[in-house]
Amino acid sequence: MSKLDQILILDPPADLKFKGPFTDVVTTNLKLKNPSDRKVCFKVKTTAPRRYCVRPNSGVIDPGATVIISVMLQPFDYDPNEKSKHKFMVQTIFAPSTVSDMDSLWKDAKPDDLMDSKLRCVFELPSENDKVNDVEATKAAPVMNSAKSDSSGSMVPANASLDDTEMKKVQEKCKRLQTEINKLADENRQFKDDGVRMRKVPRSDHMTSNSTSLLGREASTASLPSLLVVIAAIFIGFFLGKFIL
């Protein structure tokens, strides 16, 4: 009896690509889709089990369902001249009506009932464009973090000191602008005061001229009775003299 073809649809179908640098854990995803109308049991194997962490590494996929497998490559010293010999195999089998013990299921499974797909691991270093983008993203990250940080004193990236220097410069500029604004406000108030005084000067002159004229009138009014008294005295003396003589 010939071996059964893989019933699951794998994405990616042939290669698991891991993009460096490999100084930290690198994760890639593997999608398993069950297009059949039966439940399918799966198990993920690798030739380098100490170098990878797979979650989940086994399980059951319902009809029409999809499972995402996370394959995590552990950090290591990458040598571009060394070709990767790591491989993965997705082994599957149709699930019986009742699944009680998965270990016994795989142990007692007949070779003709097993289906499998093999995938090759491919290591890739980031291109120059990717490096530039990563550098720009790294530079932009402290700015975004400073905008989101609050007064509680959260962790600040090391290269955020440049942002602190720029912030101090901005604050100094704001202080200088505020000082200039205050000076302009004082000058504006001074101009207003000068304008008020200039508007008051003609009024005071007018009032002075009015008061002078008023004093002149009062003086002329005050001298008028004296003149009448003198004239009256002359007439009285004239008449008295005439009667006496």
Side-chain angles (χ1 to χ4, degrees), residues 5-36 38-95 99 102-103 105-107 109 114-149 154-160:
D5 294 333
Q6 177 63 267
I7 190 62
L8 297 182
I9 299 176
L10 278 63
D11 183 20
D15 296 335
L16 287 177
K17 295 182 179 181
F18 299 87
K19 181 174 290 188
F22 303 99
T23 55
D24 200 355
V25 176
V26 180
T27 303
T28 187
N29 292 330
L30 172 64
K31 293 182 180 180
L32 304 180
K33 183 178 180 180
N34 180 10
S36 69
R38 297 175 58 184
K39 290 184 178 182
V40 176
C41 298
F42 73 91
K43 181 166 55 176
V44 181
K45 296 181 178 181
T46 179
T47 57
R50 295 183 180 181
R51 299 287 295 274
Y52 298 91
C53 181
V54 182
R55 294 291 183 275
N57 60 357
S58 63
V60 179
I61 307 177
D62 293 330
T66 300
V67 173
I68 297 179
I69 309 298
S70 296
V71 182
M72 291 162 278
L73 173 64
Q74 303 305 306
F76 72 102
D77 295 330
Y78 176 68
D79 185 1
N81 297 323
E82 182 180 356
K83 294 184 179 181
S84 174
K85 297 180 181 179
H86 299 170
K87 294 180 181 180
F88 275 82
M89 182 175 68
V90 179
Q91 199 171 38
T92 58
I93 188 174
F94 284 111
V99 181
M102 295 294 295
D103 292 336
L105 174 67
W106 291 106
K107 184 178 180 181
L114 296 176
M115 300 169 283
D116 61 68
S117 297
K118 294 180 181 179
L119 299 96
R120 185 172 58 97
C121 295
V122 178
F123 300 151
E124 296 179 349
L125 287 176
S127 62
E128 293 299 327
N129 292 334
D130 294 336
K131 290 181 180 179
V132 172
N133 294 334
D134 292 341
V135 171
E136 292 178 353
T138 303
K139 291 181 178 179
V143 178
M144 297 297 295
N145 292 335
S146 62
K148 295 180 180 179
S149 61
S154 58
M155 297 293 291
V156 179
N159 55 353

So do V60 and M102 actually touch side chain to side chain, heavy atoms under 4.5 Å?
yes
Contacts of D79 that satisfy side chain to side chain contact (heavy atoms under 4.5 Å, CB included) - sequence neighbours left out
N81, E82
Between N34 (side chain) and A65 (backbone), is there a donor-acceptor pair under 3.5 Å?
no
State the OG1-CG distance between T92 and D5, to the nearest 0.5 angstrom.
10.5 Å
Pair I61-K39, side-chain contact (heavy atoms from CB on, under 4.5 Å): steps then yes or no
CA-CA 6 Å; I61 307 177; K39 290 184 178 182; over 6 Å; no
Rounded to the nearest 0.5 Å, what separates atom CD1 in I7 from atom NZ in K33?
12.0 Å
Under 3.5 Å, side-chain donor or acceptor atoms of residues 117-126 against the rest of the protein: list the pairs with distances, not counting sequence neighbours.
{"from": "S117", "atom 1": "OG", "to": "Q6", "atom 2": "NE2", "distance (Å)": "3.1"}

Closest non-hydrogen atom pair, V26 against F18:
O-CD2, 3.9 Å
From L10 atom CG to F88 atom CZ, the distance as rounded to the nearest 0.5 Å:
12.5 Å
Once rounded to the nearest 0.5 Å, what's the spacing between atom CH2 of W106 and atom CD1 of I93?
6.0 Å
Residues forming a side chain to side chain contact (heavy atoms under 4.5 Å, CB included) with N29, sequence neighbours excluded:
T27, I68, S70
Considering only distance and modelled atom types, tabulate donor-acceptor pairs under 3.5 Å from the side chains of residues 43-59, sequence neighbours left out.
{"from": "K45", "atom 1": "NZ", "to": "Q91", "atom 2": "OE1", "distance (Å)": "3.3"}
{"from": "T46", "atom 1": "OG1", "to": "A48", "atom 2": "N", "distance (Å)": "3.2"}
{"from": "T46", "atom 1": "OG1", "to": "K87", "atom 2": "O", "distance (Å)": "3.1"}
{"from": "T47", "atom 1": "OG1", "to": "K87", "atom 2": "N", "distance (Å)": "3.0"}
{"from": "Y52", "atom 1": "OH", "to": "H86", "atom 2": "ND1", "distance (Å)": "2.8"}

Let me confirm one number: the CG-CG distance from L8 to D116, rounded to the nearest 0.5 Å.
11.0 Å
Side chain to side chain contact (heavy atoms under 4.5 Å, CB included) with P12: which residues, sequence neighbours excluded?
L16, L30
Heavy-atom closest contact (A95 atom, R38 atom, distance)
O-NH2, 4.3 Å
